Each structure stands twice: as structure tokens, then as C-alpha cells.
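The structure appears right after this line, and notes come after that.
Quick caveat, the model's predicted, so the values are computed rather than measured. Values below: every heavy atom of this structure, side chains too, minus hydrogens, waters and symmetry copies. Each residue takes its place number in the sequence, starting with 1.
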Amino acid sequence: MRTTKSRIMWTAGSTAVLLALAGCAESASSQSPSDTVAIDVGKNMKVNLKTGPNLKVAVFIPGVANAYGQAQELAAKETAKQLGMDMTLFDGGYNPSQQLNQMQTALASGHYDAAVVQALDGTVVCKTITEDYPKANILVVDNVTPLCEYGTNQTGKSVDEVWAPGTMNFVGSNNTRAYIDGWFAAAAKANPGKQKVVAVLGPAVAAQTRVIEVALAKFSSDNPDYTVDKIYTDYTTTGAFNETQTYLQGHADTTLILSMYTPDISQGIVKAAEGAGLLGKIHIVDQGFGEFSLQQIASGNIQFSTLFFPYNGIKVSLEAIASAQRGNAGPRFVDDSVIGTAKSPFTVTKDTITELPAELR
């Protein structure tokens with residue numbers, strides 16, 4: 001059994017990622033003045049990053065009301081302490097306008113040297129993060145959510161498509177088209193033939209929802225025997241339960257449910273399916289494997305899950321900034337996967353659970 005801490009950390013392999021940052025690094029220019037290093041962020045822009053200790057770093061995350069956000073919060077506090085950074089965490093409260101205000105207030109304060117950003121809506125904060133921050137000499141690492149239109153316009157041909165000029169790099173995996181396409185392909189392989197499918201997504205305005213919708217259209221086209229619907233939620237268990245319950249009342253012939261996030265959305269789905277007397281009859285697949293998915297896979301209620309790495313993503317993002325202080329700007333895309341890759345996500349089933357690192361089980 002994992003400890004409570006290890007259940008949300010997903011940290012194994014971050015050392016390898018940090019080594020990749022150094023090994024794949026594009027060299028930063030010579031330090032000038034001696035206590036800074038110039039980091040290329042694209043668009044002919046450079047940020048002069050301080051190289052000394054106590055770097056002042058802002059970490060912006062969507063919220064801390066669910067397990068994902070709590071893992072990010074823990075990672076930010078622990079990693080910043082280990083790296084000797086002066087870190088401030090900003091809880092966006094799952095409100096894009098609130099998060100934008102936080103970012104603009106942080107910018108106006110003149111207090112910060114660097115930032116890790118997971119945007120609630122990458123288009124809302126686009127100018128602030130990709131233009132105003134580098135002009136103010138604040139180095140940005142984009143975490144998980146693509147900025148501007150770099151995420152929604154993905155073709156899946158290259159993971160580098162998610163990088164936005166104005167930032168040093170993008171750290172993530174599950175928000176790439178390659179990952180989402182891989183998840184959908186695994187669902188199709190596990191569920192051949194005619195299927196009535198519903199994808200249970202987050203808010204319609206969320207950047208990740210829009211990325212999934214584009215991939216979902218391709219998934220539907222690639223599987224002509226599938227009838228594919230979608231419903232939106234607010235990422236909470238209650239919201240997912242209410243929306244799924246309503247949907248199943250009118251679509252009792254549903255055979256496959258795709259949950260974009262566990263535990264919260266998947267918990268609502270399982271509860272709604274159980275209430276409709278369909279649990280065990282409908283196949284459910286999700287993303288973000290954790291303790292809930294582990295239990296449900298073992299019980300046969302969830303068919304399979306792929307993994308998110310909220311702890312490792314924040315950890316690697318802060319490590320990337322520390323690496324930049326040493327003159328290693330890193331590749332434009334940094335995969336935060338502990339197991340599998342952004343291009344080939346690991347699928348957790350009853351048969352593959354034993355392949356997971358011990359701390360993920």
C-alpha cells in the first residue's frame with residue numbers, strides 16, 4: 001500500500017527528467033552581468049534570470065479543491081524548499097478571471113523572477129504570460145495547459161506544438177494531442193464494434209476541454225461504428241454525477257463512458273452508473289489514474305486508466321528553472337511522465353498494474 005503522500009506525488013523518474021533537461025539543453029548565453037544568465041524564450045526575446053539563491057518564484061495553479069491541485073500544492077512547497085527558492089502559490093479558485101487578476105497583480109508587484117503557470121484558460125492569460133512577463137524579465141515555465149492557441153491548434157504531429165514563444169518551455173504530457181489520441185486509441189482497441197459513447201468533459205471554456213473535443217471528433221471519424229456524444233461538467237464529483245445521471249436517464253443504451261479526469265469526474269460517473277443500474281454493464285475508461293481508479297479497476301467497474309502526473313509536473317517545472325539558473329535552458333517540450341510517455345501513455349489495467357512503480361500502486 002502507498003502512503004497518503006505517495007498516492008499523490010507520482011515523483012519517480014523526475015531525476016531522469018532533470019538529467020534530460022541538462023543533456024538536451026540549449027546553451028544559454030554567457031552570464032552578463034555576472035549574477036544573471038540570459039535565457040532565450042523565442043520571438044527574439046531573452047530573460048535575464050538571476051543565478052543566486054532565494055529566487056522568487058510564483059506558481060499559478062487552477063485550484064486546490066481536488067486531489068490534482070493538492071498534489072501540485074505539495075510539490076510546489078516541497079520542491080521549492082529543496083531548491084532554495086522563495087515560492088508563492090496562487091490558487092486560481094477554478095476561475096479564469098480570478099487567475100488572470102492574480103497574474104497581473106504579481107506582475108505589477110515587481111517581486112518575482114520566475115513563474116510556473118498552469119492556466120485555467122490559456123487564451124485569457126496569453127498576452128500577460130507570453131508578452132508582459134518576459135518584457136518584465138520574468139522567466140515562465142508553462143505547465144500542463146497550453147497557452148494562447150498553441151494547444152487548441154495541435155495536429156498531433158509534434159509535442160513541441162504546445163510550446164508558446166515567450167516562455168522557456170512546456171512541461172507536461174496529458175495535454176498533448178498525441179497523449180489524448182493514444183488514450184482514445186486504447187479505448188477503441190478495448191471496445192471494438194458498435195458502441196454508444198459519451199465523453200464526460202470539464203467546463204466547455206477550459207483549454208483542455210477544447211483540445212479533447214478536437215481529438216474526439218477524430219476519434220468519432222476513425223470509428224464509424226461509434227455514436228459519440230459529450231457532456232460538460234465543472235470538474236467536481238457532484239457536477240459529474242448530476243450531468244451523467246441526467247444523460248443516462250435519456251440514454252440507457254450507453255455502452256462506453258470516457259472520463260477525462262479521475263478521481264472527481266470518475267467518482268461522479270461511477271455513482272451515476274450505479275444509480276441507473278448500469279454499473280458493470282457500461283465500460284468506463286478514465287485519465288489520471290490514482291487510488292480510486294485502482295480500486296475500481298480491481299472491482300471491474302473501470303476498464304482502464306491512463307496516468308496524470310500533477311506532483312511530478314510541478315516538480316519538474318521548478319527543476320527546469322533551477323537548471324536554467326545554471327545555464328541550461330532545456331528543450332522546448334519536457335515530458336513529465338513517470339511511466340510511459342506523452343506519445344505513448346501507459347494504460348493501467350488489471351493485467352498491467354504490477355508493472356507500475358511501487359509508489360504508484
Side-chain angles (χ1 to χ4, degrees), residues 21 28 31-43 45-64 69 72-93 95-122 124-148 163-172 313-330 334:
L21 282 169
Q31 295 185 22
S32 180
S34 59
D35 60 347
T36 66
V37 59
I39 304 298
D40 179 7
V41 296
K43 287 187 176 179
M45 293 186 292
K46 290 186 178 181
V47 171
N48 293 310
L49 180 67
K50 293 179 181 178
T51 58
N54 300 314
L55 194 73
K56 294 177 174 61
V57 182
V59 176
F60 299 95
I61 62 174
V64 296
Q72 291 182 308
E73 180 182 29
L74 180 63
K77 291 178 178 178
E78 292 188 340
T79 308
K81 182 177 180 180
Q82 292 167 2
L83 296 174
M85 293 176 172
D86 180 2
M87 187 277 300
T88 304
L89 183 81
F90 292 86
D91 173 356
N95 183 322
S97 297
Q98 176 178 313
Q99 188 180 59
L100 175 61
N101 288 336
Q102 290 174 337
M103 292 173 177
Q104 292 174 333
T105 299
L107 173 66
S109 74
H111 180 71
Y112 298 99
D113 305 307
V116 174
V117 173
Q118 183 183 350
L120 279 155
D121 189 325
V124 169
V125 304
C126 176
K127 181 180 181 298
T128 298
I129 296 302
T130 66
E131 297 181 26
D132 299 340
Y133 268 52
K135 287 178 182 177
N137 209 45
I138 301 173
L139 185 70
V140 175
V141 172
D142 184 17
N143 177 249
V144 178
T145 304
L147 297 169
C148 308
W163 171 68
T167 67
M168 183 173 72
N169 48 33
F170 177 96
V171 174
I314 295 294
K315 185 175 190 290
V316 170
S317 296
L318 290 171
E319 289 174 338
I321 293 171
S323 182
Q325 287 186 284
R326 298 190 296 272
N328 296 322
V334 181

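D142 meets the side-chain contact (heavy atoms from CB on, under 4.5 Å) test with L147, F170; sequence neighbours excluded. Shown here are the side-chain contact (heavy atoms from CB on, under 4.5 Å) partners of D91, two or more places apart in sequence or in another chain: V64. Applying the side chain to side chain donor-acceptor pair (under 3.5 Å) rule to T130 yields no partners; only residues at least two apart in sequence or on another chain are considered. Taking S109 as the reference, H111, Y112 meet the side-chain contact (heavy atoms from CB on, under 4.5 Å) condition, with sequence neighbours excluded. D132 meets the side-chain contact (heavy atoms from CB on, under 4.5 Å) test with L107, K127, T128; sequence neighbours excluded. Y133 is linked by a ring pair (Phe, Tyr, Trp, His ring centres under 6.0 Å) to nothing, counting only residues two or more places apart in sequence or in another chain. Partners of K50 by salt bridge (charged side-chain N to carboxylate O under 4.0 Å, His left out), not counting sequence neighbours, listed by chain and number: D113. Qualifying salt bridge (charged side-chain N to carboxylate O under 4.0 Å, His left out) partners for K77, counting only residues two or more places apart in sequence or in other chains: E73.
Side-chain contact between V140 and M168 is absent, with no heavy-atom pair separated by less than 4.5 Å. Here the side chains of I321 and V57 are in contact, with some heavy-atom distance below 4.5 Å. Annotation: side chain of V316 is in contact with side chain of V334 (closest heavy-atom distance under 4.5 Å).
Within the 3.5 Å criterion, the main-chain N or O of D35 finds a donor-acceptor partner in the side chain of T51. Of the possible donor and acceptor atoms, one in the side chain of Q325 sits under 3.5 Å from a partner among the backbone N and O of G52. In this structure, S323 contributes its side chain and E319 its backbone to no donor-acceptor pair below 3.5 Å. Formation of a donor-acceptor pair under 3.5 Å by the D40 side chain with backbone atoms of G42 is found in this model. Between the Q118 side chain and the V144 main chain, no donor and acceptor come within less than 3.5 Å of each other. A donor-acceptor pair is defined here as one N or O able to donate and one able to accept, closer than 3.5 Å; no such pair exists between the side chain of T79 and the backbone of A76. Here the side chain of Q99 pairs no donor or acceptor atom with the backbone of F90 at under 3.5 angstrom.
To the nearest 0.5 Å, atom CE of residue M85 and atom CG of residue L318 are 5.5 Å apart. Note that CD of E131 is 7.5 Å distant from CE of M45, once rounded to the nearest 0.5 Å. The line from NZ of K43 to OG1 of T167 is 10.0 Å long, rounded to the nearest 0.5 Å. One distance of note links CE of M87 with CG of N54; it measures 13.5 Å at 0.5 Å rounding.
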Q | Worked check of side chain to side chain contact (heavy atoms under 4.5 Å, CB included) between V141 and N169 | A | CA-CA 5 Å; V141 172; N169 48 33; 3.4 Å; yes
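Of all heavy-atom pairs spanning S317 and V116, the tightest one is CB-CG1, 3.7 Å. Nearest heavy atom pair, residue Q98 against residue G93, reads NE2-N, 3.7 Å. L120 and P96 get closest at one heavy-atom pair: CD1-N, 3.8 Å. The shortest non-hydrogen separation linking N48 to A38 is OD1-CB, 3.5 Å. Taking both residues in full, the closest heavy atoms of A329 and I39 are given as CB-CG2, 4.0 Å, listed atom of the first, atom of the second, then distance. Residues N143 and G313 come closest through the heavy atom pair ND2-O, 3.3 Å.
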